[in-house]
Amino acid sequence: MGTALVYHEDMTAARLLWDDPECAIETPERLAVAMELLRQRGLEQRCLQLAAREASEAELGLVHSPEYVALVRGTEALGVGALQELSAQFDAVYFHPSTYHCARLAAGAALQLVDAVLTGAAQNGLALVRPPGHHSQRAAANGFCVFNNVALAAEHAKQRHGLRRILVVDWDIHHGQGTQYIFEDDPRVLYFSWHRYEHGRFWPYLRESDADAVGRGHGRGFTVNLPWNQVPWAPDPHYPQTSLLCSSWPRPVARAVPPGPGPTGWGAFGPDGQCLAPDSLWPQVGMGNADYVAAFLHVLLPLAFEFDPELVLVSAGFDSAIGDPEGQMQATPECFAHLTQLLLALAGGRVCAVLEGGYHLESLAESVCMTIQTLLGDQPPPLPGPMVPCQSALESIQSVRAAQAPHWASFQHPATVPMLSPSYSSSEGRLLPLLPAEPVYKAAAPSCPDPLHAHPLAPVCPAVVLTAPDAAVHLCPRGIRQKGAAPWEEAEAEAWARPHEVLAQGEALAALRKVLRLVDGILDGQVNSGIAATPAPALSATLDVTIRRSLFLGVQRLLCVAVGQLDRPLDLADDGRTLWLSIRDKQAATLSTFHVSMPLPGATGGFLSCILGLVLPLAYGFQPDLLVVVLGPVHGLQDPYAALLVTLLRVPARGRILALVEESKPQLAGILARMLHGEAPPSLGPFSKASSEFAQALVYLRGQLELHWKMLQVAAPPSVASPGS
Ligand code: Q9C
Ligand code: ZN
């Protein structure tokens with residue numbers, strides 16, 4: 001089952017026939033240029049290519065009134081004067097004699113995509129269409145939209161396929177008010193939209209685009225609006241003095257930057273030639289990668305997992321990407337790879353994206369490629385720029401969480417504790433070493449021999465390393481080949497094992513030899529990820545050797561997520577190269593910025609808030625070169641939880657994962673192997689709320705860590721304009 005790409009060249013026929021600056025950006029080239037880049041990159045050829053069909057009038061009737069459909073049908077026969085006159089009756093709309101045909105193809109493409117995914121012909125897909133749909137209402141065209149393609153797809157999935165829970169994610173930079181109106185009283189469709197809002201001063205200037213519009217009647221809590229209020233002419237005064245991306249697209253090649261003091265030095269340029277320059281030169285205007293990822297981690301995903309959708313529809317507008325004249329945002333195309341991969345953890349991976357806006361041709365085409373490539377299973381490239389959400393974004397996130405709290409258990413816990421004084425104390429009462437003053441990304445200098453590319457990495461088969469031969473059956477799920485590399489020489493492995501008596505014994509040493517082979521294989525790029533099993537008593541020691549070997553080989557940032565009773569290597573330096581996160585039967589504690597301990601979450605809600613609220617924000621802030629995830633004794637995670645943990649961690653770790661498990665758990669190893677291979681995790685089942693102790697632990701850790709790990713923030717810090725308050 002692959003990725004469907006639904007398209008028809010006829011959709012390039014409609015165009016603006018008179019002078020109208022507002023509509024001039026919605027051009028046929030949008031589709032042509034995106035398709036051309038997909039071809040050039042060899043992506044079209046990797047997809048299941050489907051020629052779009054026209055939606056029938058009956059299908060259009062799922063959402064639109066017969067009178068409105070008849071009105072649009074009538075435009076086929078109109079002359080230019082009459083078309084212009086009719087267009088003027090709507091807000092930001094133009095009709096062309098081919099509009100009816102194009103709009104029926106666009107709607108049909110969305111329906112076809114849903115059919116392909118719900119019948120199992122494809123696992124996921126993208127419909128490249130125009131005109132767009134999300135502003136279109138039951139009886140009105142609006143904002144370049146004629147028929148509401150995504151709303152029709154959702155209604156079709158409900159009525160023809162019997163679905164009861166559909167998530168619509170609208171990442172276009174405009175509010176899809178059309179979709180909101182259509183489903184505002186419908187609890188079967190959860191509609192999430194972020195949009196440029198500027199406190200109501202941005203098109204379409206609607207009161208109901210604000211965070212306090214949550215739906216009506218039975219649909220209360222099933223409309224989620226995240227308005228962006230940062231205004232381009234007022235740079236964020238709170239934005240930290242860090243580097244950020246130039247606000248130009250395409251990325252500039254290295255150029256001279258005036259000398260002067262700066263937190264990371266001057267004139268730093270990233271590997272792709274993006275310019276990392278001091279804040280004062282390019283103040284933040286519009287939202288960037290960190291803001292979008294924070295919105296997903298702290299707003300959309302908690303709700304989405306609590307909702308547990310059967311299908312995810314994406315109103316995939318790319319006017320929210322850098323360079324777009326409408327959005328004026330800063331998020332780079334790579335961000336859409338990350339957003340897409342995060343969504344693939346939902347609904348068994350059934351994700352259908354349908355194009356909406358996107359008016360900067362190059363940025364649009366690049367972002368479309370990122371989305372398709374991620375749907376195809378390739379690993380996202382790293383996100384450029386510092387992972388620090390801006391003040392304005394945090395205010396928006398805080399307000400939507402507050403507005404939705406009555407409707408979602410995920411938001412019903414206290415969000416903040418009073419700011420702690422600088423002398424932090426751990427839960428054990430000891431004084432903590434003060435958080436280092438240097439910015440997070442200091443440790444994030446160019447790193448280990450990682451073949452980092454500007455484009456997603458092609459999927460690489462995860463290696464599966466075994467100890468007991470009879471476990472092979474479970475450890476090699478269908479479709480996953482086992483790498484047949486020879487284990488390490490015994491003498492060499494013994495040298496690495498030396499401090500650990502437990503590794504001297506035959507079976508443990510045999511496992512270690514394979515684990516070391518795997519570490520080397522991941523770090524020299526032979527495999528992207530792998531899973532290894534070892535005898536339970538040898539797990540902590542094997543982990544210690546794994547970490548030492550990785551650091552020896554030059555890993556600059558190693559994230560270790562240790563679940564269960566495992567020991568942190570005693571001599572592990574607290575130098576920022578290793579971030580140790582343990583989840584076990586102990587109290588929450590921050591023993592340093594790079595050594596965090598969290599209790600085991602009992603309930604679904606606790607587990608989700610641990611992953612989304614703590615683990616992923618730390619991983620995004622740290623940007624590991626390698627993630628070692630270990631499930632040790634008494635790890636307490638049922639298989640679906642472990643599967644979700646690994647699936648979600650793949651995104652910030654960009655697939656570079658080494659999973660260690662006990663050899664007595666072949667079934668767990670098999671599930672993790674499938675996750676590393678890109679299979680979607682199973683649903684967690686009915687949602688249960690986190691215990692208040694667990695929620696408190698999370699709040700405590702956030703309070704301890706968010707000054708350093710800025711992606712943990714779910715609320716804006718107190719204003720710098722009023723110190724001492
Ligand atoms: N300067 C879509 O992206 N013009 N529609 C707003 C503000 C209308 C956008 C003018 C923009 C419609 C699908
Ligand atoms: Zn838009």
Side-chain angles (χ1 to χ4, degrees), residues 11 14-16 19-31 34 87-95 99 102-103 106-107 109-110 126-137 140-153 168-182 191-206 209 225-233 285-287 292 313-329 331 336 339 353-361 363-365 367-368 371:
M11 286 185 284
R15 61 193 173 89
L16 180 63
D19 184 55
D20 177 352
E22 193 174 39
C23 291
I25 55 176
E26 205 291 288
T27 63
E29 288 72 42
R30 297 177 55 235
L31 288 193
S87 301
Q89 293 178 22
F90 300 101
D91 185 6
V93 168
Y94 69 87
F95 288 104
T99 291
C102 291
L126 173 78
L128 263 190
V129 303
R130 59 186 286 270
H134 70 153
H135 299 303
S136 160
Q137 297 149 41
N142 182 280
F144 315 152
C145 302
V146 177
F147 299 130
N148 196 317
N149 311 315
V150 165
L152 286 162
V168 176
V169 178
D170 190 337
W171 72 41
D172 186 282
I173 205 55
H174 300 96
H175 182 217
Q177 86 279 34
T179 311
Q180 174 169 313
Y181 299 153
I182 290 163
Y191 176 66
F192 169 88
S193 173
W194 66 35
H195 35 269
R196 186 169 165 188
Y197 188 57
E198 294 171 6
H199 299 289
R201 291 180 192 88
F202 193 76
W203 189 89
Y205 318 108
L206 299 170
S209 306
N225 283 328
L226 175 48
W228 299 127
N229 290 315
Q230 173 84 17
V231 285
W233 56 90
V285 291
M287 299 304 152
Y292 285 3
L313 299 174
V314 185
S315 265
F318 297 101
D319 42 15
S320 46
I322 191 165
D324 192 278
E326 277 285 313
Q328 298 188 31
M329 298 285 141
F336 297 96
L339 303 183
V354 181
L355 182 68
E356 300 281 1
Y359 308 102
H360 185 291
L361 297 181
S363 178
L364 165 67
S367 303
V368 165
T371 304

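Because only heavy atoms are used, hydrogens play no part in the values below, and waters and symmetry mates are left out as well, while side chains stay in. Every number for a ligand or one of its atoms is a count from 1 in the order of the listing.
Counting atoms of ligand 1 from 1 in the listed order, those under 4.0 Å from a heavy atom of Pro132 are 13 (C). Residue contact check: His134 has heavy atoms under 4.0 Å from atoms 13 (C) of ligand 1. Taking a cut-off of under 4.0 Å to the non-hydrogen atoms of Asp172, the atoms of ligand 1 that pass are 3 (O). Annotation for ligand 1: atoms under 4.0 Å from non-hydrogen atoms of His135 are 2 (C), 5 (N), 9 (C), 13 (C). Below 4.0 Å from some heavy atom of Ala92 lie the following atoms of ligand 1, by number and element: 8 (C). Within the listing of ligand 1, atoms 4 (N), 6 (C), 10 (C) sit less than 4.0 angstrom from a heavy atom of Glu22. Close approach of ligand 1 to Asp319 is summarised as follows: ligand atoms under 4.0 Å from at least one heavy atom of the residue are 3 (O).
In this structure, the ring of Phe202 has its center no less than 6.0 angstrom from the ring center of Trp228. The aromatic ring centres of Trp171 and Tyr292 sit 6.0 Å or more apart.
Partner of His174 under the ring-ring contact (aromatic ring centres under 6.0 Å, His included) criterion, chosen from His134, His135, His195: His135.
When hydrogens are left out, the protein atom nearest atom 3 (O) of ligand 1 is Tyr359 OH, 2.6 Å; that is the closest non-hydrogen contact.
Rounded to the nearest 0.5 angstrom, Ser320 OG and Leu339 CG are separated by 8.0 Å. Rounded to the nearest 0.5 Å, atoms OG1 (Thr179) and CG (Leu313) are 10.0 Å apart.
Trp203 and Asp91 form a side-chain donor-acceptor contact under 3.5 Å, judged by distance and modelled atom types alone. Under 3.5 Å, the side chains of Glu356 and Asn149 contain no donor-acceptor pair of N or O atoms. Under 3.5 Å, the side chains of Tyr191 and Asp170 contain a donor-acceptor pair of N or O atoms.
Counting just the N/O/S atoms of Asp319, the one with the shortest distance to the Zn ion (ligand 2) is named OD2. The atom of His174 that is an N, O or S and sits closest to the Zn ion (ligand 2) is ND1. Of all N/O/S atoms in Asp172, OD1 sits nearest the Zn ion (ligand 2).
Contacts between Glu326 and ligand 1, counted as non-hydrogen atom pairs separated by less than 4.0 Å, involve the side chain only.
Here's the thing with Glu356: none of its N/O atoms is less than 3.5 angstrom from an N/O atom of ligand 1. Taking only nitrogen or oxygen atoms, main chain and side chain alike, Gly143 reaches within less than 3.5 Å of ligand 1.
Minimum interatomic distance between Ala109 and Val129 (heavy atoms only, all atoms of both residues): CB-CG1, 3.7 Å.
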